[in-house]
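Positions are given from 1 along the sequence.
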Amino acid sequence: MARARFAPSPTGPIHIGNIRTALFNYLFVKSGGKDNAMVLRIEDTDLQRSSTEYEKLIYEELKWLGIEWDEGPDKGGQYSPYRQSERLDIYNEYYNRLIAEGKAYYCFCTPEELELDKKKTACESSSPRYSGRCRELTNEQVKQYLEEGRPATIRLIIDPEKTVVFNDVIKGRIEIDSDTLGGDMVIRKSDGMPTYNYSVVIDDHLMGITHVIRGEDHLTNTPKQILLYEALGWDAPIFAHAPLILGPDRTKLSKRHGNTYIGQYREEGYLPEAMFNYLALLSWSPEGEKELLSKEEIIEQFRLDRVTRANPVFDINKLNWINAHYIKESPPERIVELAKPYLVKEGFLTPHQAEERQEWLTLMVSTVQERLTKVSDITSLARMFFDDQIAPENDEALMVLKEEGVGGLLQALKSAVEKVGEVDHHFCSGIFKALQKETGLKGKKLFMPVRVAVTGQCHGPELDKTFLLLGKEKLLARLEHVLNNYV
Ligand code: GLU
């Protein structure tokens, strides 16, 4: 039975790297036995920067992506509470134990003293570290200082002679000399809150976590955590550090490269299954060639030991390709629902119209769906169905309107539209035959001027659908405008 956890800090929107960590944990848990469990733990010990808004956002984004957890603050579980700020009593218990066993001690050094230590040791060796001054304090001194109310941290004694060795599932064997770790490690801050390295160890142990899967930016923390496991007499879990995601210039993925938060992709109209598919392929690949994989297929094939060491590069073109695929595969009704907010925001429709014009919207979306990379593209593709007047979009389009016979053709179309009660399927299916008969024009010479006149473009969706979508009034307005201005 394996137990993994995702342990985000609710201090901001979720970064792509973090959500990939969540995904790998989830895939690892789901691809194993039925008894496996995924824990969601909220690491909110930085009280200043943590907020319940961000915690809520974490739940929302995970659910949106399709990542479920078995235990967490919102779900409970046998190791509750799952929010670190509610576990302070538990942390205190182990401080007391470590101090009683002589493995940790109170430190009353001032920031100035610590700064001086760092500078001094930095001159003597390559790694600055705490001198260990307060380790020498007598029990009486400690008692007295505490009574005086002096600010105190608690430090874990680190034996500088040790080499910490562990086998990372992804990175392989790792060896680190403990004298590079900065000296005796602070495990409780002077405000009484646990440090990350401390609370993470206590919680991972007490919550029965067997596998710690996280980003390689935590690799430097792992030896410290292992030393704490040893001090407490506990077995360390298995570690797997996933390589960081890079931007196209091979530096750490950041704002400069575009969207860095999962929520930004959601807002732009990327589909959750596309993100799920794409993020799974960052550092992991299935055995076969197939890259478009459903959640079930990914779960079935995922193996933690197939995660590569090389840093993956975030490739927006590949994500776009995957997203376009899933949009194409979706029923238009689904895309309509997702598209509505963009159409309303753009001012094309009122919220009321967005609900009333369901049938029209379904036809419109199905007409442009295969050209959508992301749902937000709907605003540029749908614009032509909303504007009253349109102009030829470029010289090529303008030239089409200047050709011989175009005036007569558009005039004939206009009269036909005027005569008909409604521009419906019946009208659309017969109109081109009638125009051909009347004007003698056919093929491109017939269709192209009409296309340009009603859409302004030389390329675009099928004309009969376009007619249906525009309806009688808009068709007339456009024909009139073009006849008066461009022909
Ligand atoms: N709260 C830490 C973070 O968000 C968790 C790291 C870990 O998984 O141990 O980076």
Side-chain angles (χ1 to χ4, degrees), residues 327-336 339 343 348-349 353-354 356-372 377-378 380-393 396-484 486-487:
I327 290 182
K328 242 180 261 167
E329 299 255 292
S330 298
E333 291 76 13
R334 177 190 184 200
I335 307 301
V336 165
L343 298 171
F348 291 159
L349 297 170
Q353 287 169 327
E356 289 292 289
R357 300 178 62 184
Q358 197 66 23
E359 209 181 314
W360 184 89
L361 281 168
T362 309
L363 180 64
M364 190 273 280
V365 163
S366 67
T367 307
V368 298
Q369 193 166 342
E370 63 177 43
R371 288 157 68 209
L372 293 173
D377 294 344
I378 194 78
S380 60
L381 290 176
R383 183 173 298 282
M384 70 157 125
F385 301 117
F386 291 99
D387 291 343
D388 266 335
Q389 295 181 345
I390 44 150
E393 66 167 3
E396 187 193 355
L398 186 61
M399 293 315 289
V400 170
L401 295 177
K402 300 285 177 206
E403 275 171 34
E404 220 189 295
V406 168
L409 169 66
L410 297 183
Q411 202 61 59
L413 174 59
K414 195 172 153 233
S415 319
V417 177
E418 273 162 354
K419 267 188 230 132
V420 77
E422 196 191 338
V423 172
D424 55 10
H425 279 288
H426 177 72
F427 175 82
C428 294
S429 62
I431 183 65
F432 285 98
K433 260 216 172 86
L435 286 176
Q436 183 177 336
K437 222 166 163 190
E438 195 175 334
T439 61
L441 297 169
K442 54 182 171 186
K444 220 175 147 195
K445 290 235 176 287
L446 173 67
F447 292 109
M448 197 57 116
V450 174
R451 176 179 293 290
V452 172
V454 302
T455 69
Q457 303 169 8
C458 297
H459 312 277
E462 293 155 51
L463 273 179
D464 50 351
K465 278 194 183 168
T466 309
F467 277 20
L468 281 176
L469 286 165
L470 288 173
K472 182 169 173 167
E473 256 173 61
K474 272 209 170 59
L475 263 179
L476 285 179
R478 290 185 181 191
L479 288 168
E480 193 160 309
H481 179 71
V482 166
L483 280 164
N484 289 342
Y486 302 102
V487 178

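To the nearest 0.5 Å, atom CD of residue Glu370 and atom CG of residue Leu372 are 9.5 Å apart. Atom CG in Leu469 sits 4.0 Å away from atom CG in Leu363 (nearest 0.5 Å). If you take CG on Leu381 and CZ on Arg383, they are separated by 10.5 Å, rounding to the nearest 0.5 Å. Here the straight-line distance linking atom CD1 of Ile390 with atom CG of Leu470 works out to 8.0 Å at 0.5 Å rounding. Put simply, CG on Asp377 and CD1 on Ile327 are 7.0 Å apart, with the number rounded to the nearest 0.5 Å. Note: Ile378 CD1 to Ile335 CD1 = 8.5 Å, rounded to the nearest 0.5 Å.
Pairs of residues two or more places apart, or lying in two chains, that qualify as side-chain hydrogen bond (donor to acceptor under 3.5 Å, both in side chains) and include a residue from residues 356-368 are Glu337-Gln358, Lys340-Gln358. Applying the salt bridge (charged side-chain N to carboxylate O under 4.0 Å, His left out) rule to pairs touching residues 396-422 yields Glu403-Lys445, Lys414-Glu418, Lys414-Glu480, sequence neighbours excluded.
Residues passing the side chain to side chain donor-acceptor pair (under 3.5 Å) test with Thr439: none are found, sequence neighbours excluded. For the side chain to side chain contact (heavy atoms under 4.5 Å, CB included) test, residues two or more places apart in sequence or in another chain that qualify with Lys472 are Val417, Val423, Leu476. Scored by the salt bridge (Lys or Arg N to Asp or Glu O under 4.0 Å) test, Arg371 finds no partners at all (sequence neighbours excluded).
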Tell me which donor-acceptor pairs under 3.5 Å the side chains of residues 424-432 have, and how far apart each pair is, sequence neighbours excluded?
from	atom 1	to	atom 2	distance (Å)
Asp424	OD1	His426	N	3.3
Asp424	OD1	Phe427	N	2.9
Ser429	OG	His425	O	3.2
Ser429	OG	His426	O	3.0

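Side-chain contact check for Arg478 versus Asp387: some heavy-atom pair is nearer than 4.5 Å. Contact annotation: the side chain of Met364 never approaches that of Pro332 to less than 4.5 Å [non-hydrogen atoms, C-beta and beyond]. Residues Val452 and Val482 form no side-chain contact, since every pair of their non-hydrogen atoms from C-beta on lies 4.5 Å or further apart. Residues His481 and Tyr486 form a side-chain contact, since some pair of their non-hydrogen atoms from C-beta on lies under 4.5 Å apart. Taking 4.5 Å as the limit, every side-chain heavy atom of Lys474 sits out of range of all side-chain heavy atoms of Phe385. The side-chain heavy atoms of Gln457 and Arg451, taken from C-beta on, include no pair separated by under 4.5 Å.
Of all non-hydrogen atoms in Leu401 and Pro449, the two that sit nearest each other are CD2-O, 3.9 Å. In plain terms, the two heavy atoms of Ala397 and Cys458 that are nearest each other are CA-SG, 3.7 Å. In this structure, Phe447 and Leu463 approach most closely via the heavy-atom pair O-CD1, 3.8 Å. What you find for Leu343 and Ala382 is that their closest heavy atoms are CD2-CB, 4.1 Å.
Within 6.0 Å of atom CD in Glu473, 12 or fewer heavy atoms from other residues, nucleotides or ligands are found, so the atom counts as exposed in its surroundings.
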CA sep, side-chain torsions, deciding dist, call: Val406, Val400, side-chain contact (heavy atoms from CB on, under 4.5 Å): CA-CA 8 Å; Val406 168; Val400 170; 5.6 Å; no
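Inspection of the Ser330 and Arg334 side chains reveals an N or O donor paired with an N or O acceptor under 3.5 Å.
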